[in-house]
Number of protein chains: 2
Amino acid sequence: MSLTERQRQILESIIKDYVSTAEPVGSRAMVRKHGLSISAATVRNEMADLEEMGYLEQPHTSAGRIPSEQGFRYYVDYMMESVIPSDAEIDLLHQALDDRIQEWNDVVQRVGHFLSQVTNYASFIIVPSIKLSQFHDLQIIPIQEGQAIVLVVTDIGIILHRRITIPTSMTADELKKVGNLFNRALRGKRLLEVKRSDLMMLRDEIKSRRQVIEKTLEAIDTLLDHSQDDRVVITGALNIIKEPEFKDLDKLRKVLTIFEEDGQLKDIVPDQIGEQVGIRIGKENKLDDIKGMSLVFAGYKTGGEMGKMGVIGPVRMEYWKAAGTVESVSRIIDELLSKRGLK
Amino acid sequence: MSLTERQRQILESIIKDYVSTAEPVGSRAMVRKHGLSISAATVRNEMADLEEMGYLEQPHTSAGRIPSEQGFRYYVDYMMESVIPSDAEIDLLHQALDDRIQEWNDVVQRVGHFLSQVTNYASFIIVPSIKLSQFHDLQIIPIQEGQAIVLVVTDIGIILHRRITIPTSMTADELKKVGNLFNRALRGKRLLEVKRSDLMMLRDEIKSRRQVIEKTLEAIDTLLDHSQDDRVVITGALNIIKEPEFKDLDKLRKVLTIFEEDGQLKDIVPDQIGEQVGIRIGKENKLDDIKGMSLVFAGYKTGGEMGKMGVIGPVRMEYWKAAGTVESVSRIIDELLSKRGLK
DNA sequence: AGTTAGCACTCGAAGCATGAGAGTGCTAAC
DNA sequence: GTTAGCACTCTCATGCTTCGAGTGCTAACT
């Protein structure tokens with residue numbers, strides 16, 4: 001049962017009005033505002049039909065109509081035209097990501113900030129666990145009597161480091177050799193796969209080296225341990241405080257709590273995710289506490305693994321703007337990442 | 001004009017009641033609750049006196065009394081007994097700071113989390129700029145054809161790194177020598193003081209080295225640039241959402257906004273600060289937006305510089321618990337930092 | 001003199017009625 | 001198929017009343 005052109009127009013008008021005002025829109029007000037050439041009564045009839053089909057709903061008998069989640073879904077699937085950020089905005093992002101930024105942390109911070117600022121919703125970026133990255137290089141560098149730094153470089157150029165203690169007798173040269181042992185054994189493997197058993201052969205070394213090897217293994221272990229699974233960065237959480245749907249403190253708290261425990265958000269974003277923009281509206285989300293919100297997200301490739309990013313806001317969301325922004329940003333990150341990195 | 005013992009008791013009772021209920025406390029209710037051996041009428045008389053002296057105030061004529069900020073101040077100065085965290089709680093902190101944690105970031109995160117969890121207020125930790133740390137060691141480590149990592153170690157063992165490009169002809173040995181040049185020139189200086197002019201002499205090197213020197217200087221510059229002045233970490237911001245004084249969305253937004261732009265909090269905490277616990281109540285704070293809140297803070301030493309940490313909550317705060325916790329944590333951090341580090 | 005009981009008074013919060021305004025659905029006419 | 005007209009519904013704001021907690025004051029008590 002598809003919609004007539006006029007019904008689609010009315011649906012769109014209602015969505016636009018409702019998204020910007022957060023008030024139910026009535027037939028009379030709508031005709032007046034949009035200067036339609038049909039009468040309020042006609043609109044009323046169409047509205048009644050749209051409601052019966054499930055695209056609209058009425059908060060109370062005597063209120064106007066608001067789009068149902070199904071209505072938003074229809075709009076998003078069949079009618080929406082994404083609005084990509086203006087050139088000025090894109091420039092802003094390019095500028096924020098200037099070439100001197102090497103720290104992955106900084107990049108994530110800035111992208112998140114951009115997303116939330118442009119869309120006015122909260123943004124999230126999920127960074128795949130470092131464990132999935134590939135091992136590129138390991139070095140052990142003495143820094144002073146009895147201390148050295150284990151330096152691990154991954155395929156996409158992320159650098160991990162950790163101090164270890166070493167026998168005072170070890171020379172820099174020997175440390176270098178130990179490092180090379182690791183390199184030969186591990187290069188190209190995923191960090192995740194670094195298991196002690198794989199390195200048993202390294203045990204057959206002379207004793208002083210064995211100590212270093214042991215310490216280095218420990219260091220790698222803790223480095224991996226402490227890089228929790230996927231890292232979630234949320235920016236602009238406060239944006240949702242503006243939305244009238246969260247004037248209720250309890251709802252607000254629930255949402256902000258989800259944001260604060262970043263673990264939760266990780267589970268909310270669907271796992272299979274392409275670089276296409278995906279949208280989850282209200283109850284389409286799995287987690288109960290978030291059924292009142294919508295997600296607009298996309299994936300980005302980082303060294304073979306998929307990261308996720310997007311924005312989260314009320315169901316009454318400017319999907320067109322959010323989708324356009326997320327899409328643009330995801331593309332820009334992909335470009336950036338393929339330009340950088342070590343390979 | 002000092003208070004009689006009975007007045008002090010009444011003041012304390014009012015403070016305790018008001019802090020836990022957020023309601024004005026009336027004479028009758030107070031006598032009943034605390035099982036006082038004096039009558040409500042007597043309490044009323046004393047209350048009237050306390051109000052005249054400025055230690056109490058009345059929201060409306062027919063409401064009970066609440067402590068004024070001056071009342072809290074009096075309590076904090078002359079009557080308060082700090083409640084230090086229980087052994088179990090302290091253990092929790094020690095556990096969270098287990099020796100395997102080397103990352104300064106992790107330490108800060110965990111301490112913040114502890115503070116906010118134990119006190120139920122928002123916690124902040126201000127980490128002095130890395131620029132004030134002293135230069136301990138610099139090394140340039142080749143990682144692949146044409147690329148190397150500049151590694152800077154500070155006096156307290158913080159490790160900074162940044163990738164640079166190098167002429168493909170450079171050998172590891174030569175890089176090491178360049179590194180040594182830097183070490184001779186810089187060891188013991190503050191990072192802040194690394195000025196190009198100081199390093200002019202390094203310019204007289206052969207050309208290929210000059211390039212590396214130049215790149216390394218750039219790397220140091222950006223490392224310093226990107227480590228913004230003082231870093232502020234706020235944890236448990238959501239705790240304040242529970243406080244009834246922030247049921248007003250506007251107030252809530254203001255406070256959360258201050259939290260989100262960490263720059264602001266830096267200016268709020270007094271500059272001269274010992275390791276003693278300091279308390280700022282309500283209007284004693286300089287910044288307007290924060291005159292409705294209280295701060296409990298202390299300093300901690302990190303490699304010669306002073307960091308700051310504390311909690312921030314409503315004026316109606318459990319100062320006793322907050323002060324005890326902040327004091328304990330500050331001492332524990334000091335111990336931790338003096339045990340660690342490179343010197 | 002200090003303490004207490006009693007009482008009139010004040011003020012905010014909660015509950016209820018009322019009216020205005022916006023919107024709907026239906027019917028009948030165009 | 002579209003529109004005008006009209007009775008009806010429901011929310012929201014406003015004002016009024018009542019209720020309860022608390023105060024301040026006076027007079028009596030110890």
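Only a predicted model underlies this, so the values are computations on that prediction, with no experimental measurement involved. Throughout, protein chains are lettered first and strands after them, A, B, ... in sequence-line order, and every chain is numbered starting at 1. Only heavy atoms go into these numbers, but all of them, side chains included; no hydrogens, no water, no symmetry mates.
One interatomic measurement links the two molecules: CG of Asp49(B) to C1' of dA1(C), which rounds to 14 Å at whole-angstrom precision. Leu50(A) places its CG atom 15 Å from the C1' atom of dT24(C), with the value rounded to the nearest Å. Rounded to whole Å, the distance from CD on Gln58(B) to P on dA21(D) is 17 Å. Distance, His60(B) NE2 to dA21(D) C1': 12 Å, rounded to whole Å. The distance from atom CD of Glu52(B) to atom P of dG24(D) is 11 Å, rounded to the nearest whole Å. At whole-Å resolution of the value, CD1 in Ile66(A) and P in dT24(C) are 13 Å apart. Look at CG on Leu56(B): it is 11 Å from P on dT23(D), rounded to the nearest Å. Rounded to whole angstrom, the span from the CZ atom of Arg32(A) across to the C1' atom of dG23(C) amounts to 11 Å.
Ala63(B) comes within 4.0 angstrom of sugar-phosphate atoms only, judged by non-hydrogen atoms across all strands, and of no base.
Using N1 to N3 plus N6-O4 or O6-N4 for Watson-Crick, or N1-O2 and O6-N3 for G-U wobble, each under 3.5 Å, dT27(C) pairs with dA4(D). When both distances must be under 3.5 Å, the Watson-Crick or G-U wobble mate of dG12(C) is dC19(D).
Between Arg28(B) and Thr42(A), the residue whose closest nucleotide on DNA chain D is further toward the 5' end is Thr42(A). Taking for each of Ile38(B) and Thr61(B) the nucleotide of DNA chain C with the nearest heavy atom, the 5'-most of the two is the partner of Ile38(B). Sequence order on DNA chain D of the closest nucleotides to Asn45(B) and Ser62(B) puts Ser62(B) first from the 5' end.
For dA5(C), neither phosphate oxygen OP1 nor OP2 lies less than 4.0 angstrom from any side-chain nitrogen or oxygen of Arg44(B).
Nearest nucleotide to the Ala41(B) side chain, out of dT23(D), dA5(C), dT3(D): dA5(C). With dC10(D), dT3(C), dT23(D) as the candidates, the nucleotide lying closest to the side chain of Arg65(B) is dT23(D).
Here the rule is side-chain contact (heavy atoms from CB on, under 4.5 Å) with Leu50(B), and of Arg65(B), Gln7(B), Arg8(B) only Gln7(B) fits it.
Ion pairing between a basic and an acidic side chain is recognised when a charged N comes within 4.0 Å of a carboxylate O; Arg6(B) and Glu46(B) show such pairing. With respect to Lys321(B) and Glu89(B), a salt bridge is recorded, a charged nitrogen being found less than 4.0 Å from a carboxylate O. Between Lys291(B) and Glu284(B) no salt bridge is recorded (no basic side-chain N to carboxylate O distance below 4.0 Å).
For Tyr75(B) and Tyr319(B), the ring centers sit 6.0 Å or farther from each other.
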